[in-house]
Amino acid sequence: MELFNVYPLVNITPVKALGAKLWDDKGQEYLDFYGGHAVISIGHSHPHYVQRLTGQLQNIGFYSNSVQIPIQRELAEKLGRVSGYEDYTLFLCNSGAEANENALKLASFHTGKKRVIAFKGAFHGRTSGAVAATDNAKIVAPFNADHHISFLEYDLAAVEQVLQGGDVCGVIIEPIQGVGGIIMPSDSFLQGLAALCQQYGALLLADEVQSGYGRSGKFFAHQHAGIRPDVISVAKGMGNGFPIGGILIAPELKASYGLLGTTFGGNHLACAAALAVLEVIEQENLVQHAAELGDYLRTALEAHAGAEEIRGRGLMVGIKYDFPIKDLRDQLLAEHHIFVGNASDPTVLRLLPPLNITKAEVDRFLQALYALIPAEVKK
């Protein structure tokens with residue numbers, strides 16, 4: 001049997017990783033400035049993470065959600081305290097798409113309505129409702145295309161016009177669009193959006209799958225705007241590579257047996273991984289580190305990268321040029337052995353390094369980038 005060929009693969013086979021470095025099967029070292037799509041939050045193979053998972057596996061790795069699993073409550077308490085959402089409840093699942101799927105479902109259950117407002121350039125996942133709310137017709141199958149989705153620009157008047165129709169259950173938004181090219185709605189837009197949702201009885205759903213877990217220099221990117229969404233989706237950096245996702249749910253939304261469900265969500269190993277991440281984030285002060293090193297990185301890029309625009313917050317950074325960045329990305333990998341990312345906008349280079357990346361490693365990336373930028377771009 002062959003693999004279903006849906007990914008264009010780079011001809012590199014990583015076999016070992018530590019911190020922000022990878023090594024391939026030939027012994028070549030690489031600098032990871034992409035973190036596997038923002039998944040590697042506390043660095044590869046962090047000793048505390050390895051110890052936490054190993055210890056858990058030696059006891060019990062899995063049983064279903066039909067029994068008491070105290071480590072789930074431990075995770076919920078820790079996440080509530082670290083994130084500032086102690087009064088919310090936590091539903092655990094396995095991925096970002098599944099988190100968003102459950103967020104959308106919960107909004108519809110709560111309001112009894114079915115329309116969702118999403119935004120141009122959005123990416124929310126590939127499951128049925130999540131992909132329908134993703135602004136990319138190429139990945140929406142006819143089976144998924146019958147959801148009631150209104151795609152809008154960041155325009156409060158347009159949002160209010162749709163809300164006035166009375167059939168909107170929720171508004172889903174990435175506080176920083178990742179796949180879209182590190183696009184940020186303004187803080188004032190997010191504040192106005194929260195007020196409109198409250199006014200018209202729609203739930204505000206913050207997709208923090210990529211922008212959460214300290215990446216923006218606050219635990220959640222929406223916290224820069226001082227808002228409190230009704231549901232917050234998390235995944236990616238939550239488990240540092242172990243599959244886990246979840247939604248943080250406002251206290252006004254009440255649970256009932258069978259409302260949501262999952263087989264693997266919240267298993268012992270996943271919770272151990274997620275607890276290890278939160279413990280390292282706290283112990284190493286990684287949210288503040290991401291804010292400070294992100295400021296350093298963006299300031300350097302603004303001065304010397306020859307870009308049209310430097311986007312983002314913390315260690316979620318987009319470098320927009322006036323030319324496609326594919327060759328630049330490929331050269332960084334082939335000549336300087338540095339992994340970086342792209343976006344749906346072909347002119348944006350996307351940077352999502354581990355939150356514990358060092359200043360020396362940031363400088364290594366900067367020097368490599370400067371060496372590859374054409375002379376005419378630098379002027």
Side-chain angles (χ1 to χ4, degrees), residues 8 10 20-22 30-41 120-123 136 154 174-186 209-212 214-218 221 224 236-237 289-379:
V10 176
K21 294 178 180 177
L22 303 162
Y30 296 84
L31 177 61
D32 186 3
F33 236 73
Y34 192 54
H37 313 293
V39 166
I40 301 301
S41 50
K120 299 291 181 67
F123 185 94
N136 181 352
Y154 296 142
E174 298 159 275
I176 305 176
Q177 285 188 354
V179 173
I182 316 299
I183 304 294
M184 293 195 302
S186 68
V209 167
Q210 190 169 131
S211 58
R215 182 150 296 281
S216 73
K218 289 188 180 291
H224 290 278
K236 291 196 184 294
H289 181 75
E292 292 173 353
L293 210 56
D295 286 345
Y296 172 78
L297 172 60
R298 290 192 311 280
T299 298
L301 290 170
E302 286 166 356
H304 303 295
E308 279 192 345
E309 185 182 2
I310 305 300
R311 299 172 175 169
R313 277 174 161 151
L315 290 173
M316 187 171 185
V317 178
I319 311 173
K320 179 171 175 56
Y321 285 103
D322 60 359
F323 57 85
I325 55 85
K326 182 182 183 304
D327 290 345
L328 181 58
R329 183 198 62 193
D330 293 348
Q331 284 179 291
L332 280 166
L333 185 56
E335 299 176 23
H336 295 271
H337 307 115
I338 300 175
F339 280 95
V340 296
N342 58 354
S344 60
D345 180 343
T347 66
V348 175
L349 198 69
R350 191 159 44 131
L351 309 179
L352 301 162
L355 303 186
N356 55 359
I357 194 108
T358 66
K359 183 175 178 293
E361 288 164 336
V362 169
D363 287 339
R364 175 181 162 189
F365 163 75
L366 290 169
Q367 292 308 312
L369 179 68
Y370 299 159
L372 293 173
I373 298 169
E376 61 272 17
V377 173
K378 295 179 184 179
K379 294 178 182 178

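For reference, positions follow the sequence shown, starting with 1. Note that these values count all heavy atoms, side chains included, but never hydrogens, waters or copies made by symmetry. Nothing here was measured: the structure is a model prediction, and the numbers come from that model.
In this model, no donor atom of one side chain and acceptor atom of the other lie less than 3.5 Å apart for Tyr34 and Asn342.
Scanning both residues, Pro353 and Leu351, for their nearest heavy atoms gives CD-C, 3.6 Å. Nearest heavy atoms, Ala305 versus Ile373: O-CD1, 3.1 Å. Ala343 and Gly178 make their closest contact through CB-O, 4.5 Å (heavy atoms, listed as atom of the first residue, atom of the second, distance). Of all the heavy atoms in Tyr296 and Lys359, the pair that sits closest is OH-NZ, 3.4 Å. When all heavy atoms of Ser216 and Ile176 are compared, the closest pair comes out as CB-CD1, 4.2 Å. In terms of heavy-atom proximity, Met316 sits nearest to Gln210 at CE-OE1, 3.5 Å.
A distance of 10.0 Å separates CG in Leu293 from CG in Leu355, rounded to the nearest 0.5 Å. Rounded to the nearest 0.5 Å, atoms CZ (Arg311) and CZ (Arg298) are 13.5 Å apart. Note that the CG atom of Leu22 and the CZ atom of Phe339 stand 6.0 Å from one another [nearest 0.5 Å]. Here the straight-line distance linking atom CD1 of Ile357 with atom NZ of Lys21 works out to 9.5 Å at 0.5 Å rounding. To the nearest 0.5 Å, atom CD of residue Glu309 and atom CD1 of residue Ile183 are 7.0 Å apart. Atom CD1 of Ile338 sits about 10.5 Å away from atom CG of Asp32, to the nearest 0.5 Å.
In this structure, the side chain of Arg215 engages the main chain of Leu315 through a donor-acceptor pair within 3.5 Å. A side-chain donor-acceptor contact under 3.5 Å links Glu174 to the backbone of Phe123.
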Given side-chain contact (heavy atoms from CB on, under 4.5 Å), test Leu333 with Tyr30 step by step and report yes or no. CA-CA 8 Å; Leu333 185 56; Tyr30 296 84; 3.9 Å; yes

Please evaluate residues Leu349 and Leu332 with respect to the criterion side-chain contact (heavy atoms from CB on, under 4.5 Å), reporting the C-alpha separation (whole Å), side-chain torsions for both, the decisive distance (0.1 Å), and the verdict. CA-CA 11 Å; Leu349 198 69; Leu332 280 166; 4.2 Å; yes

Could you go through His336 and Gln331, starting from their C-alpha distance and side-chain angles, then the distance that decides it, and tell me whether this counts as side-chain contact (heavy atoms from CB on, under 4.5 Å)? CA-CA 7 Å; His336 295 271; Gln331 284 179 291; 5.9 Å; no

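For His289, the side-chain hydrogen bond (donor to acceptor under 3.5 Å, both in side chains) criterion is met by no residue, not counting sequence neighbours. Taking Glu302 as the reference, nothing meets the salt bridge (Lys or Arg N to Asp or Glu O under 4.0 Å) condition, with sequence neighbours excluded. In this structure Ser344 satisfies the side-chain hydrogen bond (donor to acceptor under 3.5 Å, both in side chains) test with no other residue, sequence neighbours excluded. Every side-chain hydrogen bond (donor to acceptor under 3.5 Å, both in side chains) that Tyr154 has, sequence neighbours left out, goes to Gln177.
When side chains are defined from C-beta on, Val317 counts as touching Leu301, because their heavy atoms get closer than 4.5 Å.
Sorted by first and then second residue, the salt bridge (Lys or Arg N to Asp or Glu O under 4.0 Å) pairs involving residues 327-342 (not counting sequence neighbours) are Lys326-Asp330. Sorted by first then second residue, the salt bridge (Lys or Arg N to Asp or Glu O under 4.0 Å) pairs that include residues 336-357, not counting sequence neighbours, are Lys320-Asp345.
Between Ile319 and the choices Thr347, Leu328, Leu369, the side-chain contact (heavy atoms from CB on, under 4.5 Å) rule is met once, by Leu369.
Between Phe33 and Phe365, the angle of the ring planes stays under 30°, which puts this pair in the parallel group of the 30/60° scheme.
Annotation: His37, atom NE2; neighbour count of heavy atoms from other residues, nucleotides and ligands within 6.0 Å does not exceed 12.
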